[in-house]
Amino acid sequence: MVEEQLRHRGIQDDRVLDAMGQVPRHLFVGEDLRDRAYEDCALPIGEGQTISQPYMVALMTELLELKGGETVLEVGTGSGYQSAVLSLLAAEVYTVERVSSLAEQARTTLKRNGFLNVHVRVSDGTLGLPDHAPYDGIIVTAGAPDIPRHLTDQLKIRGRLVIPVGDRHSQVLYQVTRTEGGIKQTVSTGCVFVPLIGKDGWEDETYH
Ligand code: SAM
């Protein structure tokens, strides 16, 4: 997976490649999908949600430009896999999930496998997690209609936000850096994520 799907496609940060090689992805999917855990695609994790494609996990992590010692917020815990990768690259990882059953499952998997610097919370991540702000990095693993203001406000100066922005079905990955004078944004690649649902995200269509 690391050689063919990541390094070969341009992921260069050795710390990211190393972390991706260390986290056993099969522990973060259901038993029925274990033999497909290292395939080059997203996989279902229940509740209509997915564990992201390994390449996208690596690319988004690389765009955070972590050096070690940072405090990071993830919005969209899902299976907990991305949080586990981040936990090897930063000092503390806070991760928020809106679906409580997924958060509970991720919390159990992370704890059981020793990823003890990950802290799982259930809340609307479009509002960030003010209790532990400001963050050196924020990563959003669901597609947003716009860049949520609460998230840029909770970044440190020179902190980075990595977020897919677009419509409900396809997005573009943005790397947003908070500077003294405002925010600076650069565009990475096209991507497809489940929608970010919440106050500063999309409306929940399940109730319509
Ligand atoms: N990072 C995850 C992993 O490694 O398995 C994949 C996340 S999945 C693509 C997106 C997740 O974002 C879903 O679990 C979904 O419930 C969650 N989500 C959507 N809107 C959210 C919100 N406003 N706050 C927190 N989580 C949200």
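Only this structure's heavy atoms are used, side chains among them; waters, hydrogens and symmetry mates stay out. Read the numbers this way: they start at 1 and go in the same order the structure lists the ligands and their atoms.
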Heavy-atom pairs closer than 4.0 Å: do any link ligand 1 to the side chain of Ile51, the backbone, both, or neither?
both

If you measure every N or O of Ser52 against every N or O of ligand 1, does any of those distances drop under 3.5 Å?
no

Using a 4.0 Å cut-off to any heavy atom of Leu196, which atoms of ligand 1 qualify?
20 (N), 21 (C), 22 (C), 23 (N)

Location of contacts on Pro195 toward ligand 1, heavy atoms closer than 4.0 Å
backbone

Do any N/O atoms on Phe193 end up under 3.5 angstrom from N/O atoms on ligand 1?
no

For ligand 1, note which part of Gln82 has a heavy atom under 4.0 Å away: side chain, backbone, both or neither.
both

Among protein heavy atoms, which sits nearest to atom 16 (O) of ligand 1, and what does the distance come to when rounded to 0.1 Å?
Glu97 OE2, 2.6 Å

Distance filter under 4.0 Å to Leu102 heavy atoms, resulting ligand 1 atoms
14 (O)

Closest approach of any protein heavy atom to atom 10 (C) of ligand 1, naming residue and atom:
Thr141 O, 3.2 Å

Keeping Thr50 on the side-chain end and Ser52 on the backbone end, is there a donor-acceptor pair under 3.5 Å?
no

How about Gln53 and Asp40: do any of their side-chain heavy atoms sit closer than 4.5 Å?
yes

Tell me which protein heavy atom sits closest to atom 12 (O) of ligand 1, plus the residue, atom name and distance to 0.1 Å.
Gly76 CA, 3.3 Å

Relative to the heavy atoms of Val194, which atoms of ligand 1 are at a distance of less than 4.0 Å?
9 (C), 10 (C)

Mark up the atoms of ligand 1 that fall under 4.0 Å of a heavy atom belonging to Tyr81, in ascending order.
4 (O)

Among non-hydrogen protein atoms, atom 24 (N) of ligand 1 lies closest to Gly125 N, 2.8 Å

Closest to atom 13 (C) of ligand 1 by heavy-atom distance, out of Gln49, Lys199, Arg121, is Gln49

Would you say Glu97's side chain and Val99's backbone share a donor-acceptor pair under 3.5 angstrom?
yes

re atom 26 (N) of ligand 1, the protein heavy-atom contact at minimum distance is Arg98 N, 3.3 Å

Is a side-chain donor or acceptor of Asp18 paired with a backbone partner of Asp14 at a separation under 3.5 angstrom?
no

For Arg15 and Leu88: C-alpha separation, side-chain torsions, deciding distance, then whether side-chain contact (heavy atoms from CB on, under 4.5 Å) applies.
CA-CA 9 Å; Arg15 294 181 72 240; Leu88 301 183; over 6 Å; no

Is the contact between Ser123 and ligand 1 made by the side chain, the backbone, both, or neither, using heavy atoms and a 4.0 Å cut-off?
backbone

Atoms of ligand 1, numbered as shown, that sit under 4.0 Å from any heavy atom of Val96:
25 (C), 26 (N)

Is the Lys NZ or Arg CZ of Arg121 less than 6.0 Å from the centre of Tyr94's six-membered ring, within 45° of the axis?
no

Is there side-chain contact between Val172 and Pro164, with at least one heavy-atom pair below 4.5 Å?
no

Over 12 foreign heavy atoms within 6.0 Å of NZ, Lys156:
yes

Within the distance-only criterion (no hydrogens, no angle test), does the side chain of Arg98 pair as donor or acceptor with the backbone N or O of Ser123 below 3.5 angstrom?
no

Per-residue contact class, Thr77 against ligand 1 - non-hydrogen pairs under 4.0 Å:
backbone

Side-chain heavy atoms under 4.5 angstrom apart, residues restricted to Ile, Leu, Val, Met, Phe, Trp, Tyr: same cluster for Leu127 and Val75?
no

Among all protein heavy atoms, pick the one closest to atom 5 (O) of ligand 1 and tell me residue, atom and distance.
Ser79 OG, 2.6 Å

Per side chain to side chain contact (heavy atoms under 4.5 Å, CB included), Ile11 is matched among Val16, Val57, Thr61 by Val16

Could you check if a side-chain atom of His150 sits within less than 4.5 angstrom of a side-chain atom of Asp153, using non-hydrogen atoms only?
no

Under 4.0 Å to a heavy atom of Val99 - the qualifying atoms of ligand 1, by number:
16 (O)

Tell me the contacting part of Glu74 for ligand 1: side chain, backbone, both, or neither, using a 4.0 Å heavy-atom threshold, strictly below.
side chain

Do Ile197 and ligand 1 have an N or O pair less than 3.5 Å apart?
yes

Identity and distance of the protein heavy atom lying nearest atom 8 (S) of ligand 1:
Thr50 O, 3.0 Å

Which of the numbered atoms in ligand 1 are under 4.0 angstrom from any heavy atom belonging to Thr126?
23 (N)

When Met1, Arg7, Glu3 are each screened for side chain to side chain contact (heavy atoms under 4.5 Å, CB included) with Gln5, the one that passes is Met1

Would you check if Glu62 and Gln12 make a side-chain contact, meaning some heavy-atom pair closer than 4.5 Å?
yes

